[in-house]
2 protein chains.
Amino acid sequence: MRILLVEDDQRIRQDVTTALEAAGFVIDAEANGEEGWFLGDTETYAAAVLDLGLPGMDGLSVLKRWRAEGRDFPVLVLTARGAWAERVEGIDAGADDYLPKPFRMEELIARLRAIIRRSGGQASPVVTVGETELDTRQMRLTVRGVPVSLSPQEYRLVAYLMLHKGRVVPQQELSEHLQSVHFERESNAVEVLVGRVRRKLPTALIETRRGFGYIVNEPDGTS
Amino acid sequence: MRILLVEDDQRIRQDVTTALEAAGFVIDAEANGEEGWFLGDTETYAAAVLDLGLPGMDGLSVLKRWRAEGRDFPVLVLTARGAWAERVEGIDAGADDYLPKPFRMEELIARLRAIIRRSGGQASPVVTVGETELDTRQMRLTVRGVPVSLSPQEYRLVAYLMLHKGRVVPQQELSEHLQSVHFERESNAVEVLVGRVRRKLPTALIETRRGFGYIVNEPDGTS
DNA sequence: TCGGGTCTGTCAGCGTTTTGTCATTTTCGA
DNA sequence: TCGAAAATGACAAAACGCTGACAGACCCGA
């Protein structure tokens, strides 16, 4: 479930990204309005979270332009508290829901799920690869229906790879996502982690792309 | 039996909340129309009591929006005395019953019970997980039919987890929901509370997901 | 108003799990 | 075949959650 996040405030962007990823979404985060518009125009998202005050191109214009071009994914707009004028404009521009800042992450997630569900796209929190199933709601991984017990770090690794299945994920990207303070490139923590996970998964789920990173793929998938 | 109350008048909201709670309902009270709409859209209620004159989003719009999205819990609308036009609109919007202000609490409760009964066994007031049963109407928890005595705080914890069964609930979310605005990672209040509840429940009802939070699940883990 | 009981948060201690590092071996690709 | 990249096993420190004890707040009846 890919989500586009367009928000210029570095701090909020980071927090939201982290929270949404923890909730099982895959996030493309963008600070600049124009860049955000471009992504929304060219990529496919389940939904977008859009801040209105943006550099480059303001949020309302981004939204209007998407709608004018027929992009119909649901959009959740972040507004300053009490900015009713903005809301009204947003409605006209085609927003699906609003969230006044500041907000609780929990509420953002709930609303996002709501608009995704409403848009028909099922907000299914389950990702399946072969016989392995990841349930992001229960934060549980099952192989052939049998739950696998994973440590937090191990879970995050598998979840990240599965949510990005079909794509080679560089080690660096992994360590950045697994650690708040990502360790030096003198560390082989990721390799160790992958090893530990593999020992728990009888499957050859995680493939090594020597020199590039790791990838999770459908068994028959070609890539 | 959870009821959503959307009413901007502080006084009425308080009175109704108190009366309904005394009558055995669990109330989510909300003053703002938009917030109320959101709750009705994302949570599960046995019924809603909806005032028409609301800030944020007026009651009729809230109701229409719920119905447009397929939310079909019964709605009792509060109208100003003699405002017949409102009633007609309400009918079209999908209200189930009306109550002109001012009203007696007994009448509100009676009508509420009526529309809930009429709506047929929907929105069961009871959540069951394995042999554990949570009766939100009586605010009682029973294990194999035997009532368990819980303190208010303990009840809230179990109720929240059971109402969100199948989902990992972070500790932070729990402490936010369990009352006051004090939530620091420097406190282990939630852990203590969970411990206390567990001692009273012979069941392995509440599972710990180390590093993530707690979850209540069906014993067979299907979802 | 007093006294006992309950509720709830804090604290410190404890055992377990987790996790990064290191040294070493294995594997893979050119 | 060689060298770099990745995997592995062992280890120790850190993180995490559980528990029992305790104290202040609160409630209720006498």
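Below, all heavy atoms of this structure are taken into account, side chains as well, without hydrogens, waters or symmetry copies. In what follows, every chain begins at residue 1, and chains take the letters A, B, ... in the order their sequences are listed.
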task = Go through D/dG17, C/dG9, D/dA7 for me and flag the one nearest to the A/Arg198 side chain.
result = D/dA7
query = Once you round to the nearest 0.5 Å, how far does CG of B/Leu141 lie from CD of B/Glu154?
reply = 10.5 Å
request  = Hey, could you give me the CZ/CG distance between A/Phe73 and A/Leu4, rounded to the nearest 0.5 Å?
outcome  = 6.5 Å
query = Which part of the nucleic acid, if any, lies within reach of A/Val192 when heavy atoms closer than 4.0 Å are counted: base, sugar-phosphate only, or nothing?
reply = base
Under 4.0 angstrom between A/Gln171 side-chain N/O and D/dA6 OP1 or OP2 = yes
inquiry  = Testing the 3.5 Å rule here: is there a donor-acceptor pair between the side chains of A/Asn217 and A/Glu207?
reply    = no
query = Does the distance from a Lys or Arg side-chain N to an Asp or Glu carboxylate O, for A/Glu7 and A/Arg13, drop under 4.0 Å?
reply = no
inquiry  = Minimum heavy-atom separation for B/Gly59 and B/Leu50, please, with both atom names.
reply    = O-CD2, 3.4 Å
remark   = Rounding to 0.5 Å, atoms CG (B/Leu76) and CZ (B/Arg113) come to a distance of 13.5 Å
key: side-chain N/O B/Ser187 vs C/dT10 OP1/OP2, d < 4.0 Å   = yes
ask   = Under 4.5 Å between any side-chain heavy atoms of B/Val6 and B/Trp37, yes or no?
value = no
Euclidean distance, atom CD of residue B/Gln172 to atom P of D/dC16 [Å, nearest integer] = 14 Å
ask   = In the 5'-to-3' direction, what one-character label does each nucleotide of nucleotides 24-30 of chain C receive under the scheme B = base within less than 4.0 Å of a protein heavy atom, S = sugar-phosphate only, - = no such atom?
value = ---BB--
key: Main-chain N/O of A/Pro152 paired with B/Arg210 side-chain donor or acceptor, under 3.5 Å   = no
key: Separation of C/dT17 C1' from A/Arg199 CZ (nearest whole Å)   = 15 Å
request  = Report the residue (B/Gly195 or A/Gly213) whose heavy-atom-nearest nucleotide on DNA chain D is the more 5′ of the two.
outcome  = A/Gly213
query = Given that A/Arg156 and B/Leu193 both sit by DNA chain C, which one's nearest nucleotide is further toward the 5' end?
reply = B/Leu193
query = Can you find a side-chain donor-acceptor pair between A/Glu173 and A/Tyr160 that sits under 3.5 Å?
reply = yes
inquiry  = OP1 or OP2 of D/dA5 versus the side-chain N and O atoms of A/Thr208: is any pair under 4.0 Å?
reply    = no
query = Under 4.0 Å between a side-chain N/O of A/Ser151 and OP1 or OP2 of C/dT19, yes or no?
reply = yes
ask   = If you look at every strand shown and take non-hydrogen atoms under 4.0 Å, does B/Tyr214 touch a base, only sugar-phosphate, or nothing?
value = sugar-phosphate
ask   = Checking only heavy atoms, does the side chain of A/Arg196 share a donor-acceptor pair with the base of C/dG20 at less than 3.5 Å?
value = yes
query = For the helix from C/dT1-D/dA30 to C/dA30-D/dT1, what angle lies between the axis at the first five pairs and the axis at the last five pairs, to 10 degrees?
reply = 40°
